[in-house]
There are 2 protein chains.
Amino acid sequence: MKNRLRELREQKGWSQQTLAEKLDVSRQTVISIELGKYDPSLPLAFAIASTFSSRIEDIFTPDVRRRS
Amino acid sequence: MKNRLRELREQKGWSQQTLAEKLDVSRQTVISIELGKYDPSLPLAFAIASTFSSRIEDIFTPDVRRRS
DNA sequence: AACACATGTAAAGCACGCTTGACACGCGAC
DNA sequence: GTCGCGTGTCAAGCGTGCTTTACATGTGTT
């Protein structure tokens with residue numbers, strides 16, 4: 001799962017801490033998602049999309065699917 | 001998190017088992033998500049949206065957000 | 001009646017999402 | 001130099017997403 005979180009955050013000029021507070025999660029969570037260490041939960045993905053006035057599909061792009 | 005999974009599955013005339021196979025998850029997972037027992041992971045949400053040729057936002061709707 | 005099929009519940013186990021706290025490094029301001 | 005700030009790493013702990021197996025119930029078919 002790739003994401004544009006860092007790019008969008010920097011566009012806004014927000015620190016990781018600032019974004020974490022807006023999303024109501026810890027700074028670690030922001031770091032881990034930006035670095036691709038794991039994917040956000042669906043509720044958090046909605047919160048992120050909302051924060052950047054975007055759609056989830058415009059911020060996150062899934063990796064190759066297996067089973068057609 | 002509300003979702004229209006059952007509605008969409010029934011529109012297609014698919015059993016839970018059939019959908020589970022298309023999504024490459026267990027039948028239990030389909031049941032639990034349909035019944036709202038928990039939310040799907042983001043990758044699974046993408047797979048669901050893809051299966052129904054919809055956007056995540058058109059299938060899942062987040063509950064009330066806390067922190068503005 | 002016996003069978004297949006669709007749906008639901010329950011429980012145990014593993015991996016992941018998220019938390020907190022501590023520590024390290026680089027950088028610009030004082 | 002040292003201070004604050006932004007970023008990153010590590011580790012322990014907890015709840016959730018997902019799995020497998022098993023069992024129960026209803027409905028339709030033979």
Side-chain angles (χ1 to χ4, degrees):
Chain A
M1 185 76 68
K2 292 189 177 180
N3 75 73
R4 303 199 303 132
L5 190 50
R6 167 149 308 181
E7 172 191 349
L8 292 171
R9 177 176 62 79
E10 292 181 341
Q11 274 180 17
K12 294 277 192 177
W14 293 340
S15 69
Q16 293 173 336
Q17 180 62 45
T18 298
L19 176 57
E21 286 165 6
K22 287 178 184 297
L23 296 174
D24 201 16
V25 295
S26 68
R27 186 172 66 94
Q28 266 310 316
T29 296
V30 170
I31 291 175
S32 297
I33 295 173
E34 281 193 356
L35 298 183
K37 299 209 171 184
Y38 52 66
D39 301 325
S41 65
L42 188 53
L44 181 49
F46 268 104
I48 291 169
S50 168
T51 295
F52 293 106
S53 304
S54 300
R55 290 182 300 130
I56 289 175
E57 285 89 346
D58 292 335
I59 301 178
F60 299 92
T61 61
D63 294 330
V64 285
R65 311 234 300 101
R66 344 235 142 190
R67 306 270 214 123
S68 67
Chain B
M1 185 76 69
K2 290 189 177 180
N3 74 73
R4 302 199 303 132
L5 191 49
R6 167 149 309 180
E7 173 191 348
L8 293 171
R9 175 176 64 79
E10 292 181 341
Q11 273 180 17
K12 293 277 191 177
W14 294 340
S15 70
Q16 293 173 336
Q17 180 62 44
T18 298
L19 176 57
E21 286 164 7
K22 288 179 183 295
L23 296 175
D24 200 18
V25 296
S26 68
R27 186 172 66 94
Q28 265 311 316
T29 296
V30 170
I31 291 174
S32 297
I33 294 172
E34 282 193 354
L35 298 183
K37 300 207 171 187
Y38 54 65
D39 302 324
S41 65
L42 187 53
L44 180 50
F46 268 104
I48 292 170
S50 169
T51 295
F52 293 107
S53 304
S54 300
R55 291 182 298 130
I56 289 176
E57 285 89 345
D58 293 336
I59 301 178
F60 299 93
T61 60
D63 294 331
V64 284
R65 311 233 302 101
R66 343 234 146 188
R67 307 268 216 124
S68 67

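Chain identifiers are assigned alphabetically (A, B, ...) following the order of the sequence lines, protein sequences preceding nucleic acid strands; residue numbering begins at 1 within each chain.
Looking only at distances, no side-chain donor or acceptor of A:Q17 sits under 3.5 Å from a matching main-chain atom of A:R27. Not one N or O on the side chain of A:S50 forms a donor-acceptor pair closer than 3.5 Å with the backbone of A:F46. Side-chain atoms of B:N3 come within 3.5 Å of backbone atoms of B:I33 as a donor-acceptor pair (strictly under, hydrogens ignored).
Across the protein-nucleic acid pair, B:F60 atom CZ and D:dG17 atom C1' stand 13 Å apart, rounded to whole Å. Taking atom CG on B:L42 and atom C1' on C:dC18, their separation rounds to 15 Å, with Å as the unit. Atom CG of B:L5 is separated from atom P of C:dG8 by 12 Å (rounded to the nearest Å). The distance from atom CG of A:D63 to atom P of C:dC16 is 14 Å, rounded to the nearest whole Å. Atoms CD (B:Q16) and P (D:dT19) sit 14 Å apart, rounded to a whole Å.
Atom CG of residue A:L23 and atom OG1 of residue A:T51 lie 4.5 Å apart, to the nearest 0.5 angstrom.
OP1 or OP2 of D:dC18 sits under 4.0 Å from a side-chain N or O of B:S41. The phosphate of D:dT7 (OP1 or OP2) has no side-chain N or O of A:Q17 nearer than 4.0 angstrom.
Taking for each of A:W14 and B:L44 the nucleotide of DNA chain D with the nearest heavy atom, the 5'-most of the two is the partner of A:W14.
Side-chain atoms of B:T18 and B:R9, non-hydrogen and from C-beta on, never get closer than 4.5 Å to each other. Between B:W14 and B:K22 the shortest side-chain heavy-atom distance falls below 4.5 Å.
Using a 4.0 Å cutoff on non-hydrogen atoms, the parts of residues 26-39 of chain A near DNA chain C are A:S26, A:Q28, A:T29, A:I33, A:Y38, A:D39, ordered by number.
Proximity note for A:P40 (side chain, C-beta onward) versus C:dG8, D:dC18, C:dC18: the nearest is C:dC18.
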